[in-house]
Amino acid sequence: MTDIQIEAQCSTGASRQAIEQALVAAGKDLGHLRPADLALLEDFHTMGRIATAQLAGLAEITPGDEVLDAGSGIGGTARYVAKHSRCHVVAVDLTEEYCDRTMAQPACRA
């Protein structure tokens, strides 16, 4: 798959728009989001946050570890791992709408 094909398939803007609309509907200020504000929107995979917690526990991540979250979406797993394991996490995603600094900033601080 080429970069153009990935961009066409993954970066429609629809995900970001839907996320922002849900946050506004929940009474959140998009200019002052906290990691907890995104918690219900972050785990887009089978078993959600339960699977994230189980995998992080099985990996036995320690504060001295460095973790790469490849395909991070809006950074939920990265924030979870950083918070619970107190390690350094780098989050990356191919989709520009997920990597926008305004949405990714909490993950970038993880």
Side-chain angles (χ1 to χ4, degrees):
M1 196 175 248
T2 68
D3 289 345
I4 294 170
Q5 289 170 315
I6 291 168
E7 186 71 21
Q9 181 174 343
C10 299
S11 189
T12 64
S15 294
R16 182 181 177 130
Q17 288 175 329
I19 290 168
E20 288 178 349
Q21 288 172 353
L23 289 167
V24 169
K28 304 299 179 185
D29 178 355
L30 297 180
H32 297 91
L33 292 175
R34 298 171 299 129
D37 296 334
L38 300 171
L40 296 175
L41 304 168
E42 296 183 309
D43 294 295
F44 294 124
H45 52 76
T46 304
M47 291 182 55
R49 184 54 53 98
I50 293 168
T52 299
Q54 287 178 344
L55 182 59
L58 288 169
E60 298 180 359
I61 301 166
T62 66
D65 290 334
E66 293 187 20
V67 174
L68 172 63
D69 180 4
S72 62
I74 62 172
T77 297
R79 280 190 291 277
Y80 178 89
V81 170
K83 179 180 178 182
H84 289 85
S85 299
R86 298 179 184 209
C87 65
H88 178 75
V89 178
V90 174
V92 297
D93 199 281
L94 291 173
T95 308
E96 186 175 345
E97 70 185 90
Y98 290 145
C99 295
D100 183 293
R101 285 292 288 170
T102 59
M103 286 191 71
Q105 193 166 0
C108 294
R109 286 190 230 148

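The structure displayed is predicted, hence computed values, not measured ones. Sequential numbering from 1 along the given sequence is applied to the chain's residues.
Ser72 approaches Asp93 most closely through the heavy-atom pair N-OD2, 3.3 Å. Across all non-hydrogen atoms, the minimal contact from His32 to Asp37 is O-OD2, 4.1 Å.
In this structure, NE2 on His88 lies 10.0 Å from CG on Leu68, to the nearest 0.5 angstrom. Atom CD of Glu20 and atom CG of Leu30 lie 5.5 Å apart (nearest 0.5 Å). To the nearest 0.5 Å, atom CD1 of residue Ile61 and atom CG of residue Leu55 are 7.0 Å apart.
Screening Val67, Val89, Asp69 for a side-chain contact (heavy atoms from CB on, under 4.5 Å) with Thr77, the sole residue that qualifies is Asp69.
Both Ile74 and Val24 are members of a single hydrophobic cluster when ILVMFWY side chains are connected at heavy-atom separations under 4.5 Å.
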